[in-house]
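See below for the structure under consideration.
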2 protein chains.
Amino acid sequence: MQSDKHKKQYTSEDVARLAGVSQSTVSRVFAGNMGVSEKKRKKILEIANELNYQPNAHARSLITRKSKLIGIVMRRIRNPFYSAVLEIFHARFSALGYNLIFINSDNEEITESEISKLLEYNVAGVIVSDAILSPEAEARFKRHGIAIVLFNRYVEHADYSAVFCDNYLAAKQIARYLVETGHRSFAFISGPQDTSITIDRLRGFREVLADKNITDLLVESGQYTYESGFKATQELLTRDKSIDCIFGGNDVIALGAMDAIRLIGMKVPDDISVVGFDNILMTGWFSYMLTTWEQPLEEMVDTTVSLLIDDITNKLRKPQTLMMKGHLIIRNTVKVRS
Amino acid sequence: MQSDKHKKQYTSEDVARLAGVSQSTVSRVFAGNMGVSEKKRKKILEIANELNYQPNAHARSLITRKSKLIGIVMRRIRNPFYSAVLEIFHARFSALGYNLIFINSDNEEITESEISKLLEYNVAGVIVSDAILSPEAEARFKRHGIAIVLFNRYVEHADYSAVFCDNYLAAKQIARYLVETGHRSFAFISGPQDTSITIDRLRGFREVLADKNITDLLVESGQYTYESGFKATQELLTRDKSIDCIFGGNDVIALGAMDAIRLIGMKVPDDISVVGFDNILMTGWFSYMLTTWEQPLEEMVDTTVSLLIDDITNKLRKPQTLMMKGHLIIRNTVKVRS
DNA sequence: AGTGTTTTTGAATACGTATGCATAATAAGG
DNA sequence: CCTTATTATGCATACGTATTCAAAAACACT
């Protein structure tokens, strides 16, 4: 008998009536439960439990003009790195009593309609992960007083906080490591070229090589996918067989590179060394054991969350751009060559 | 100047005033925009745009007693299979104008408080993916008239729909394939034992072997992780070196198995064949090229979505339990042995 | 121009909660 | 036991929208 769909949901008023108190008192119990006697509190909770009463979040948001919703807009959730990111964000916000409205954007840039959805729900804040926020988009959020923090991306001179890994520094350390281990002919397979991530990593990488008077650097760019890494590597290997190491823009690219190298009968790391970025789960799988850069994920997420919460609760300092370091995870894909 | 947080948000009333119409008319434009003259409609939209007006979803939900929110509760979002699932669900619901409240449950069973959250937001429906719904939990949702569909799990005699892959059939076909390719000594590494998934697959697998008078089947059970598959395989190999094929409870387990086999110097598929389940991205990577069972993901998701929507819109038939077939993807991890 | 019919419009109300204010109940202090 | 300070409670109202109902406007057709 599923038919009677619109059963009357019990409200604070119902609870109040049955508990012999006023609606206000019930409200106080479920909101902050301050200033209500222990006796009535108990009675109210008892009745509420009996009726299966649930406070209505919409009504609450309406009157409060606040919500416990956080918009989290991501891209490429299939990428293991971002799955992990989502998991951690969820755990943190959940612990703080916030709920996530999940948006997986197809585009580099957040859509008008995606923004609209978040505004309609009057989200308390928005985490934008690995996506671009145009000035117009930013303005829309700002106009509605919605806090924003960028995760794993940044924009110069923007009026909101951003948290990401210090890609410049990481790339430098990776380059140094490769130089120190005796490599001479370099390749970098990046993700899309125009992002801060790629730009910073390339800059760091180049600088170190320049320092050592190495000019032998090939750069390929593509997507952050296995296929892209695979193809770019094939491309690279037909172009120049003398390459002795490849730095992948992320782990998935690097894994694709490894497989491309092996497929033509060459060996990792004996013939070509490979380094990745992110330290996703698969890099630890025995078929790969990829040497990679670990982003301090938990720390990054924690920082992002607390910046956002500070902003929401008005305890905000001015927007901050925070870079986290991370560190190299040395496994088996880089050979000491000299 | 971030300080003035509580700027007055424009409401339908503001738009109405500036457009010289009543609030009702503005509402009609943004709700279904039926029965409002083209002239006023245009004027209203113009003003609304100018003011950056956004209808308030909370107010709407409050009066409507409906919401455009769907709760999606998952587990193990880090598992590539479920990342893909989430991506597709998001795409479908988004296209239908629904928003997702994402919940990543740690537990096998949905928490009281997770349910409460969904009830508070008066979600239109809930997708429960790979998690258990106790009778009490079910009752709570039912009592609030919330539609539920189980994804990738089912419970006997439950009063809600479920969509999943026909694990029994799939396991049978996999077993047949292995038998036909000349395998004689079998191992099955499952996920947690007490789930419908494991039970059905084991049953199907066993039946086929019994049919062929093969009794040589070892069963290990663990988690749906790479490490679990890896360890179980090591266990298996020390216990019985004669095994010539392994069926992994999911792809990640199978990949772990492959690496365990290779690590002790044996070869896949020459010494031991391996078959997985799910067809996640990594199975197509050249280091693995795992033969596996593809679940018809898009079809499963589409079906799940339409069942849920039907339920929400009251066009519901009675609860259905739908099994999808899927098919074997033959790659390079099964050897023809005879 | 007048009648009947359809389409637009606006006024009023309801949704379920939080909260300021006034009042009632209780505690504290002597 | 009375006064004063404190805490608990209830009343009334507001949040921003959808929707019913009645009235007004537009239209169709003689």
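All chains are named by letter (A, B, ...) in the order of the sequence lines, taking the proteins before the strands, and each is independently numbered beginning at 1.
Each of C:dG20, D:dA18, C:dT9 was ranked by its minimum atom distance to the side chain of B:K40; first place goes to C:dT9. Distance from the side chain of A:V21 is smallest for D:dG10 among the nucleotides C:dG16, C:dT9, D:dG10. Among the nucleotides C:dG10, D:dC15, C:dC15, the one closest to the side chain of B:S22 is C:dG10. Of the candidate nucleotides D:dT17, C:dG10, D:dC15, D:dC15 has the atom lying nearest to any side-chain atom of A:L62.
Mapped onto DNA chain C by nearest heavy atom, B:E38 and B:Q23 fall at different nucleotides, with B:E38 at the one closer to the 5' end. With the nearest nucleotide of DNA chain C identified for both A:S12 and B:G20, B:G20 has the one nearer the 5' end.
Nucleic acid contact class of B:V26 (heavy atoms, under 4.0 Å, all strands): none. Heavy atoms of A:Y53 sit under 4.0 angstrom from primed sugar atoms or phosphate atoms, though from no base atom. The residue A:Q54 sits close only to the backbone: its heavy atoms come under 4.0 Å of sugar-phosphate atoms, none of a base. Heavy atoms of B:S24 sit under 4.0 angstrom from at least one base atom.
Taking only side-chain nitrogens and oxygens, B:T25 comes nearer than 4.0 Å to OP1 or OP2 of C:dG10. For the pair A:R28 and D:dG10, the criterion of a side-chain N or O lying under 4.0 Å from OP1 or OP2 is not met. Proximity of B:R60 to the phosphate of D:dA18: a side-chain N or O atom is located under 4.0 Å from OP1 or OP2.
For the residue pair B:I197 and B:N152, the shortest heavy atom distance occurs at CD1-O, 3.4 Å.
With a 4.5 Å cut-off on side-chain heavy atoms, A:I70 and A:I312 count as touching.
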Evaluate ring pair (Phe, Tyr, Trp, His ring centres under 6.0 Å) for A:F30 paired with A:Y53, printing each intermediate quantity in order. CA-CA 11 Å; A:F30 282 90; A:Y53 166 71; 5.0 Å; yes
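Ring centroid separation for the pair A:F89 and A:F151 comes in under the 6.0 Å cut-off.
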